[in-house]
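All chains are named by letter (A, B, ...) in the order of the sequence lines, taking the proteins before the strands, and each is independently numbered beginning at 1.
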Amino acid sequence: QQIQEDLNKQLFDNLVSFLRQSHSEFQEKTTEWTCRMKSREIPTAALVLGVNVTDHDLTFRSVSEVLQNNITPYIALLEAKDCPGIKNLMQKLMGQLMNCHIDVDSLEDEDYVQVSQNRISCSMTSLINWYETVTKKTDSEALSKKRTSSSRHWQSPPVVVIFKDMESFTTKVLQDFIVISSQHIRELPLVLIFGIATSPMIIHNLLPHSVSSLLCIELFQSLSCKEHLSTIIDKLLLTTQFPFKLGEKVLQVLINIFLYHDFSVQNFIKGFQLCIVEHFYSQPLSVLCCQLVDAKKRINYLSHDQCENIRRLPSFRRYVEGQVSEKQIALLTEDGCLKEVTLKLLEDLNVYHENYVSVLRCLHVFTSSLPKYPLGKQIRELHCACLENRVWETEEYESSIQLARMLNKSDLVTMLQQCVEIFVSSSGKEFDKTVEKLKDFLTQFQKLEAEAFQEQDVSVSSQKELQKKTDLYHLQKTLLELKESRRSKKLTKFEMLRFEVVDYIDSLVRNYLVPADHKTLHEIVYFNTASVLREHLNAAPRIALHTALNNPYCYLKNQALKSGGGSISNKAPDICIVYKLHLECGRLINLVDWLEAFSTVVMAAEGPNADAPSSDQVDDIIHARFIRAVSELELLGFIKPSKQKTDHVARLTWGGC
Amino acid sequence: MSQPEGKGGGALEVKFVPDEEVLKHITDDAGIKVRKDKTQLTVSVKRFVKKLENISDDEAQEILEEKNYVVALGICAQDPVGNGSSVSGGEVYSFQTPKRSSKMAELASELAQTPGQSVAPDHSECPEKTAKTPQSNKRSSSNKAQQRSKNKEFVSTTPYRLRKRLAAPDPYVESESEYSASCSEEEDEEDQKEVSTVLSGPKTPPKTNAASTPLPRNTLAKKVKEDKMSNLVEEYFEAHSSSKVLTSDRTLQKLQKRRLNQQTLHDLLKKAPLAYAAEIKELNQQHESLFSKWMLQLHLGFNIVLYGLGSKRDLLEKFRTSVLKDSVHLVVNGYFPSITVRSILNSITEEVLNHIGTFRSPLDQLEFIIKRFKEDSSLQLYVLIHNLDSQMLRGERSQRILAQLSSLPSIYLIASIDHINAPLMWDQAKLSLYNWLWYETTTFSPYVEETSYENSFLVQQSGSLALSSLTHVLRSLTLNARGIFRLLAQYQLENKDNPSYPGLSFQDFYQQCREAFLVNSDLTLRAQLTEFRDHKLIRTKRGADGVEYLLIPVDDSTLTDFLEKEDEDV
């Protein structure tokens with residue numbers, strides 16, 4: 001199990017980084033070319049990356065990798081937190097540049113290590129000196145060795161400085177750096193890359209005109225995080241490669257967190273990982289959640305207990321109930337028989353997934369272009385809808401089919417072509433027929449087109465006739481005739497065909513897009529406990545505290561604490577009582593009053609045995625308990641000591657919490 | 001139903017008063033209100049409506065105060081008692097739904113405070129205070145009027161009031177300070193108090209209170225609540241805009257009870273049985289069953305954060321002893337008041353990595369640690385942090401360092417948070433570094449360790465420490481110097497009842513010292529004072545008139561102790 005999880009995760013990360021690289025690559029090439037052109041000013045590339053700051057790390061890493069491989073060995077990545085002042089910035093810059101140079105040619109590392117260790121005046125001039133020596137050396141090396149190396153790196157490779165999070169740099173540092181480096185641009189070909197999270201306007205906000213005029217800014221927009229998400233969903237969920245699937249609610253939770261909380265693809269992946277972990281941890285039958293080939297082997301080794309587990313699955317029970325009685329007995333008593341059936345069912349499930357994906361894509365092709373998007377724009381919305389329940393019973397599906405019946409021909413044809421492509425590319429064997437059928441539709445459309453031409457000729461001729469006969473009576477008559485014919489004809493051939501196509505798609509949907517939890521053994525591969533996920537990823541500590549304080553019965557299952565209507569009794573723990581009392585007060589709380597109120601409540605709760613003789617002793621204990629409860633509230637941040645008045649505390653929350 | 005009744009009562013009273021006076025009050029009120037409204041532009045329209053509605057009630061109240069001053073004082077002052085008790089009694093005992101009752105109770109206390117202030121004679125700005133009453137709530141005056149009429153009915157029936165008093169200690173107490181103003185009432189109060197303590201039966205108060213709450217009052221309460229809901233926001237700003245807060249002036253010192261120090265507190269708490277021990281144990285067992293899961297998730301690169309009411313220290317300790325016995329781990333007691341990130345990093349570099357040497361900054365140190373952990377993949381470290389949200393660790397810098405530390409794949413972090421606003425410490429970048437998994441572990445166990453370091457204002461703290469330091473320093477000084485300090489201390493103690501005591505002015509002090517033959521010149525005294533100041537024995541403050549004032553920054557009880565001790569020595 002463990003190994004498998006790890007494998008999955010690795011696959012993931014690879015996928016993501018690959019994704020990033022692929023999109024950043026094309027950007028970078030363009031960046032470099034354009035930057036190269038203008039050398040008067042400092043060429044600058046501004047990368048607008050969107051608000052999902054957490055994902056940027058990966059992007060930058062891949063960017064610098066790509067740059068290193070293709071363009072220049074001199075790259076420095078700077079982060080705002082490392083550079084509180086210009087001096088630190090220069091130090092960091094020097095360090096990174098020289099180190100990375102060492103990586104490139106490790107022959108002369110001794111000199112450079114010394115340089116960086118001494119930390120001799122980190123100024124621009126020293127940087128330039130260093131740069132000149134380095135380039136000379138590389139040049140000479142390149143000349144002495146071969147021309148190939150110099151063709152890989154240009155004659156004077158630029159020094160690329162990447163500012164990861166431009167917004168959080170202090171403006172002064174940035175300005176100084178830019179001004180200084182612009183004076184040395186002749187000697188030192190410098191290229192800046194700004195990472196921007198908000199909008200390109202920020203450059204002009206941060207830098208005054210005198211500074212920003214020194215820059216030659218080229219803007220690049222990275223793909224929006226939503227698109228990342230859809231590609232990830234595409235590659236992970238809508239394939240048959242990964243046996244593990246997400247249930248509807250879980251997917252919904254993850255997407256909601258993504259859309260409403262952070263837009264972070266990384267967090268989405270984290271959630272997905274958590275799902276995997278949870279699934280394998282909590283579901284004993286998740287052993288079978290693997291590639292079909294492995295599953296075959298594993299089924300043979302299933303122990304009796306595990307077989308029992310299978311029998312206990314609700315979906316399996318449903319399946320058994322649908323069988324004839326002898327089969328039922330066999331399934332419930334013989335492990336061997338059970339294993340055979342399980343294998344068969346798993347295979348079914350696999351086939352179902354294959355079909356599901358391609359039909360889903362096909363349906364998406366149809367619905368995504370409909371006006372108002374009744375079934376959602378993105379394929380993930382469609383996916384959710386299909387997982388939730390029988391999609392063809394929903395109103396949205398109804399309306400989208402209605403709309404599909406009104407599509408015009410060219411759209412329909414292109415859609416059909418797309419569907420054919422999807423089905424051809426999918427591995428399912430059952431789709432041969434479908435493909436044929438669809439192709440058949442296409443040819444019919446073409447025929448129709450041909451016919452339509454002829455018809456057009458006819459109509460044109462009839463119109464000519466109309467023009468000939470100019471007298472009013474005849475005109476009226478012919479018009480009426482035309483009208484009649486149109487009404488009687490009702491459906492043209494095209495319309496008929498369109499209906500047929502839509503009906504066919506409908507039948508496909510009904511066949512293949514059955515929601516997963518109607519399938520037998522879906523528990524093995526689907527993870528569906530959304531509450532766990534929400535609890536761990538999107539926790540609400542305040543709510544937990546509040547319920548614990550307001551309604552301790554939720555946690556302490558004691559009858560004495562139970563009382564109707566979400567209220568608490570006076571036997572609640574001290575801190576609950578103190579909390580309750582403090583809710584009544586305004587901004588400041590008098591400790592004496594509070595203490596007295598508390599002791600009254602506690603005395604009443606303790607009953608008649610708290611009588612006069614021992615009252616002094618009891619009072620002390622109550623006092624101590626009160627002190628403890630109050631300091632606990634202070635620790636929790638509900639109150640704080642106040643200097644405004646003696647023996648008062650200030651409330652830090654407002655209202656009924 | 002109640003409202004007309006109240007207004008009727010008010011109208012009855014008006015008849016006894018000359019018309020000019022009424023008019024005067026109205027204009028008075030209105031003038032003040034207009035002034036106030038100008039400052040609070042946002043709600044001005046509403047206020048005006050309210051004002052119109054309230055004027056009649058208001059005047060009734062004012063007239064009551066002026067006309068039958070002696071009689072009405074008692075009744076007015078009792079208003080809040082009756083009024084507050086009915087509602088907050090429900091809060092404490094019969095406990096209706098928390099949301100509603102809490103708001104009601106808040107309102108009740110508000111009501112209890114406002115009229116009380118207007119009655120209190122020591123406030124010179126009487127009209128302004130009364131003008132506040134309608135502002136605080138639209139319903140308040142009508143409510144009051146109703147209450148007043150009720151109270152009149154019940155003045156003689158002590159048992160009813162008693163029950164209410166029992167049920168609502170809070171507002172009662174708050175209004176008590178006002179009673180002290182009118183001596184005649186006080187005795188009566190005391191009587192009732194005695195009776196109440198005798199009568200304080202175990203079960204009866206909640207039941208009878210609930211029974212005695214009449215129906216109209218409930219509906220009124222509901223109305224009040226609706227009203228409250230709509231201007232909850234307004235009232236927030238209202239409450240926070242006025243620097244004046246209305247609470248009683250009672251202090252702990254008036255209470256005949258000695259302050260407890262840490263040790264006795266601890267002992268007393270040990271004596272008190274822990275409530276619901278069995279249930280708490282069960283809760284803990286539930287949490288303990290998650291240990292293996294935590295381990296798995298820690299190893300998969302997640303970090304775990306625990307939240308929920310109750311100390312999570314024992315739980316983490318148990319986790320440590322049961323699961324982490326054989327692995328390298330580091331426990332950080334975040335609640336310890338002198339913990340710093342640097343000390344955490346130091347313990348990692350020194351204890352775990354066996355590195356001797358210093359670092360220029362925590363960032364360097366962090367880099368070193370990261371490097372080491374990346375180089376050597378066999379290194380594994382579990383870090384347990386109790387109270388990640390404590391005072392010392394909640395800073396942005398320390399959180400960033402900890403987050404970077406926790407993002408290392410071979411460092412496993414498991415931490416606990418308690419503060420209600422703890423999640424606000426982390427922005428997105430830090431959250432992604434921490435890679436948290438949240439676990440709710442409500443334990444209900446008392447925060448024994450965590451609060452023992454908190455400088456609780458209720459616990460007598462630092463008394464012994466300050467005292468010993470005082471004597472220690474003074475012992476090393478000359479006799480004259482000791483005398484000088486003594487003089488200052490005595491003077492301060494003499495003035496301890498004066499809350500606005502600024503300290504002893506330098507000139508006076510010099511005069512006194514001269515008279516006692518302690519110094520012979522201005523300069524010697526100054527030199528001596530400089531020495532005191534260096535030892536933080538005194539503080540100097542420049543007053544408004546430019547005169548230097550000297551103050552011993554120690555509380556009075558410690559100072560008394562010190563003087564006694566000195567006397568013994570001499």
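- The contact between B/S292 and chain A is made by backbone and side chain atoms together, counting heavy-atom distances below 4.5 Å.
- For A/I543, no part lies under 4.5 angstrom from a heavy atom of chain B.
- Nearest heavy-atom pair, A/E632 versus B/P446, reported as atom, atom and distance to 0.1 Å: OE2-CA, 3.3 Å.
- Atom CD1 of residue B/I420 and atom CG of residue A/L635 lie 11.0 Å apart, to the nearest 0.5 angstrom.
- Atoms OH and CG, from B/Y447 and A/L636 in turn, are 4.5 Å apart once rounded to the nearest 0.5 Å.
- No other option in B/Q297, B/K293, B/Q286 has as many heavy-atom pairs under 4.5 Å with chain A as B/K293.
- Contact of B/D389 with chain A is not made at all, since no heavy-atom distance falls under 4.5 Å.
- Put simply, the side chain of A/L545 does not reach to within 4.5 Å of the side chain of B/Y307, judged on heavy atoms.
- Both the backbone and the side chain of B/L437 come within less than 4.5 Å of a heavy atom in chain A.
- For B/N421, the part lying near chain A is the side chain, with the backbone staying farther off; criterion is any non-hydrogen pair under 4.5 Å.
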